[in-house]
Protein chains: 2
Amino acid sequence: MPRRTKAEAEATREALLDAAEDVFLEKGVSRTSLEHIARHAGMTRGAVYWHFKNKADLFHAMLDRVKMPLQQIIDDITAEQQPLGPLDTLRLATLHAFEMLERPRSCRVHTILMHRCEFISDINPVELQNRLAADCREVVRRCFQQAHDEGLLIDEIAPDVATLMLHSMIGGLVHDWLRTPDSFSLRESGGEAIDSLFYLITRRA
Amino acid sequence: MPRRTKAEAEATREALLDAAEDVFLEKGVSRTSLEHIARHAGMTRGAVYWHFKNKADLFHAMLDRVKMPLQQIIDDITAEQQPLGPLDTLRLATLHAFEMLERPRSCRVHTILMHRCEFISDINPVELQNRLAADCREVVRRCFQQAHDEGLLIDEIAPDVATLMLHSMIGGLVHDWLRTPDSFSLRESGGEAIDSLFYLITRRA
DNA sequence: TGGCATTTACATTCATGTATGTATGCGTGT
DNA sequence: ACACGCATACATACATGAATGTAAATGCCA
């Protein structure tokens, strides 16, 4: 049945992206053909090629429907006019990113990004990811530097080291949780680990 | 040129595995054909099919030439008859795993495993990796429990939380470093982060 | 000389991209 | 209000290329 209304066309586009999430998640990106995706959405490849240029284009459209956790952290930190101190800002931004990640679509897409597709290809924006990671580290570093200058950090931990600790812990938690989401709760257990880290590096009277 | 001596045959097998490392690293696993690997080793696909059943078999043979970092940690912890306390055992095992990872072949293969291939396929031993991660966590947890019982851990950090913190930090450091090996030194900066964590959670007089 | 290592040749499968078909929604003119 | 025309939203068909697996051919060492 050709030519639906404009709203229906938009719906099939979303349905195709939904199907892509499902099939990519199940079979991995390189092993799923556009035929698979189309059939899973109850359509044919013609629909896919109408809405998207090719597989890479569809993949990027899928990515565009979610926000990167590191981007979320950057935005949270830079947006607020720091009603809180730098350490609480950092901590809450991290927990907020965890919350966002637990939304079903975000969870699916980022699982695909981390565990279901190869970097080094026209399909994955590696450089963008690297730049994002570098930017986030820089923003976090500045926060820790400020905390250090304000005497909020304990003396034993340099801002750079705190940055690496937090960054790697976030990355590790997200990585592990996306691989085995049922083994622990990112918000609860992950949040507890993050809270503990901040507790340990905060100077107390 | 057919049929060299038996030693030469073994040499071509190794050369094929070396080539696989190179090409997988450069192009990703799914995008490299057996033809690519063979040509990179100066041979044809026939040689590949002689030594290996198929791509998955070759991949596993490539994996068999290195040791998993988490396996290294498990072995280090369980092998030693603890001449050191549990915390130092954990810390040194981690640093040792970092050292092993910086060896060129190990670095290449684990970069491929983490960043150049899709899980969910006949090619990647996901379940084995998950089981390894679970085993490692359990061994680490027991170590922290022992440290807790011996009063070596500070009261504010429960053994389970310490386990998650260490495990996620290791995972995050390795993940980040394999993605951008030039951005920091795993042994130096990574080791510093690990040392700092242990410093923070150790009870002091 | 016979089995081993490797090449060459061949058949098959499969995903991609494109070209074409087609029915329908929608604006336009009157 | 209604017919007309066109662009839209898909489905279908086809051509191509690439990768795989296997079988046959080839040469060399022991």
Side-chain angles (χ1 to χ4, degrees), chain A residues 1-20 22-62 112 116-118 120-124, chain B residues 1-20 22-62 112 116-118 120-124:
Chain A
M1 305 86 184
R3 178 59 168 148
R4 313 296 180 87
T5 171
K6 195 170 296 186
E8 281 175 313
E10 182 58 25
T12 69
R13 191 190 126 99
E14 295 294 312
L16 288 172
L17 291 175
D18 288 346
D22 287 347
V23 188
F24 282 158
L25 193 60
E26 187 192 338
K27 313 188 50 164
V29 173
S30 75
R31 294 167 62 89
T32 79
S33 66
L34 297 182
E35 175 84 18
H36 290 142
I37 295 173
R39 295 298 285 258
H40 192 269
M43 317 240 154
T44 67
R45 267 172 53 246
V48 175
Y49 276 101
W50 174 256
H51 287 282
F52 310 99
K53 191 184 165 198
N54 51 29
K55 194 170 170 181
D57 187 42
L58 181 146
F59 187 85
H60 288 116
M62 185 189 75
I112 292 170
R116 301 289 190 276
C117 80
E118 297 172 3
I120 300 294
S121 93
D122 53 347
I123 224 175
N124 194 317
Chain B
M1 306 82 196
R3 178 58 169 151
R4 313 296 180 88
T5 171
K6 194 169 293 185
E8 279 175 314
E10 181 59 24
T12 69
R13 191 190 127 100
E14 295 294 311
L16 287 172
L17 292 175
D18 289 345
D22 287 346
V23 188
F24 282 157
L25 193 60
E26 186 191 339
K27 314 187 52 165
V29 173
S30 75
R31 295 168 62 89
T32 80
S33 66
L34 297 182
E35 174 84 19
H36 290 141
I37 294 173
R39 296 298 286 259
H40 191 270
M43 319 239 152
T44 67
R45 265 170 55 244
V48 176
Y49 277 101
W50 175 256
H51 287 283
F52 310 98
K53 190 183 166 198
N54 52 29
K55 193 170 170 179
D57 187 42
L58 181 146
F59 186 85
H60 289 117
M62 185 188 75
I112 292 170
R116 302 289 190 275
C117 81
E118 298 172 3
I120 300 294
S121 93
D122 55 345
I123 223 174
N124 194 317

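Order of the sequence lines fixes the chain letters, A, B, ..., with proteins taken first and strands second; residue numbering starts at 1 for each chain. Not measured: the values here are computed from a predicted model.
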Peer 1: Any donor and acceptor pair, going by atom type alone, linking the side chain of B:Ser33 with main-chain N or O of B:His36 inside 3.5 Å?
Peer 2: yes
Peer 1: Within this structure, what is the CZ-to-P distance between B:Phe52 and C:dT6, rounded to whole angstrom?
Peer 2: 11 Å
Peer 1: If the test is side-chain contact (heavy atoms from CB on, under 4.5 Å), which one of B:Thr44, B:Leu34, B:Leu58 qualifies with B:Tyr49?
Peer 2: B:Leu34
Peer 1: Give the B/S/- string for nucleotides 13-23 of chain D, one per nucleotide from 5' to 3', where a protein heavy atom under 4.0 Å of the base yields B, of only the sugar-phosphate yields S, and otherwise -.
Peer 2: ------SBBB-
Peer 1: Kindly give the heavy-atom pair with the smallest separation between A:Ile123 and A:Ala56, and that separation in Å.
Peer 2: CG1-CA, 3.6 Å
Peer 1: Only pairs at least two apart or in different chains count here, so list each salt bridge (Lys or Arg N to Asp or Glu O under 4.0 Å) that has a residue in residues 26-39 of chain A.
Peer 2: A:Arg31-B:Asp122, A:Glu35-A:Arg39
Peer 1: Can you tell me how far CZ of B:Phe52 sits from CG of B:Leu17, rounded to the nearest 0.5 angstrom?
Peer 2: 4.0 Å
Peer 1: Would you kindly give the CZ-to-P distance between B:Arg13 and C:dC4, to the nearest whole Å?
Peer 2: 17 Å
Peer 1: Is there side-chain contact between A:Ile112 and A:Met62, with heavy atoms separated by less than 4.5 Å?
Peer 2: yes
Peer 1: Using whole Å, report how far CH2 of A:Trp50 lies from P of C:dT18.
Peer 2: 15 Å
Peer 1: Which part of the nucleic acid, if any, lies within reach of A:Ala47 when heavy atoms closer than 4.0 Å are counted: base, sugar-phosphate only, or nothing?
Peer 2: sugar-phosphate
Peer 1: For B:Glu10 and C:dC4, give me the distance from atom CD to atom P, rounded to whole Å.
Peer 2: 16 Å
